[in-house]
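Contents: one structure, followed by commentary.
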Amino acid sequence: MADSSQYLCLILDQAEYLLPSVASVAIEQRDALTPENGLGAVVAWRQTRQGRWPAYGVNSAFQVSRPPRWQRAVFLSDGNSAIGLVAEDVRLLGRTDLQVVPFAPLGPPPTRLGHLFNAAWVDGQSVTLALDPRSLVSYLRSLGGAT
């Protein structure tokens, strides 16, 4: 069982983001997935007994992208199924490696989906933002292309 104080460090377009490790239901290597050859937001699919799970590609600004160097996909559950995000790399950081502090973003959410970030890790002069899993799933779903 995953520890709630552990985080996955996702590298998207050479930028690092944190995701609570308990949010992921699976992490797959690129070669274990079926590539999507279209031009949309879905980059690959994971075949399961319950059906196919889409894996989306975004850049460091969370705009639709087809990253050429992605190596893994992290899948998150929304209760009904799972949806993935491809990353250049994924590594597990433990509770002794970092201290993540929650924050409330200022102002109204920029979209109806809410804020993508809800915490940060400040290490010296660098800041790594932590993703809110529910907002991330909602955002990925809004990109469409998963049929």
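Everything numeric here is computed off the predicted structure, so don't read it as measured data. Hydrogens, waters and symmetry mates play no part in the numbers below; they use all other heavy atoms, side chains included.
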Distance from [X] atom [atom1] to [Y] atom [atom2], nearest 0.5 Å?
X	Y	atom1	atom2	value
E16	L8	CD	CG	12.5 Å
L98	L93	CG	CG	5.5 Å
R91	I27	CZ	CD1	12.5 Å
R72	I11	CZ	CD1	11.0 Å
L76	I83	CG	CD1	8.5 Å
N37	T34	CG	OG1	10.0 Å

Is a donor on one side and an acceptor on the other found under 3.5 Å between the side chain of [X] and the backbone of [Y]?
X	Y	result
T48	Q50	yes
R46	A26	no
Y56	V64	no
E36	G38	yes
E88	Q14	yes
S138	S135	no
R30	A73	no

For the side-chain contact (heavy atoms from CB on, under 4.5 Å) test, which of V100, L10, L131 pairs with L18? V100

Do [X] and [Y] have side chains that approach each other closer than 4.5 Å (heavy atoms only, starting at C-beta)?
X	Y	result
V42	L143	no
V122	V101	no
P133	L19	yes

Run the side chain to side chain contact (heavy atoms under 4.5 Å, CB included) check on L92 and S21 step by step: do they pass? CA-CA 8 Å; L92 182 65; S21 64; 4.0 Å; yes

Could you list the cluster mates of W70? Members are the ILVMFWY residues connected by side-chain heavy atoms closer than 4.5 Å, either directly or through other members. V25, L33, V43, W53, F75, V86

Between V58 and L12, is the side chain to side chain contact (heavy atoms under 4.5 Å, CB included) condition met? List the steps. CA-CA 7 Å; V58 298; L12 308 175; 4.2 Å; yes

Are S81 and R141 linked by a side-chain donor-acceptor pair shorter than 3.5 Å? yes

Any donor-acceptor pair under 3.5 Å linking the side-chain atoms of N118 with those of D132? yes

Non-hydrogen atoms of G114 and P109 that approach each other most closely: CA-CB, 3.4 Å

Do you know which two heavy atoms are closest between G57 and P67, and how far apart they sit? CA-CD, 4.0 Å

Enclosure of R66 CZ (heavy-atom neighbours >12, cutoff 6.0 Å): yes

Filter on ring pair (Phe, Tyr, Trp, His ring centres under 6.0 Å), then keep only pairs touching residues 86-138, sequence neighbours left out; what's left? Y17-F117, F62-F117

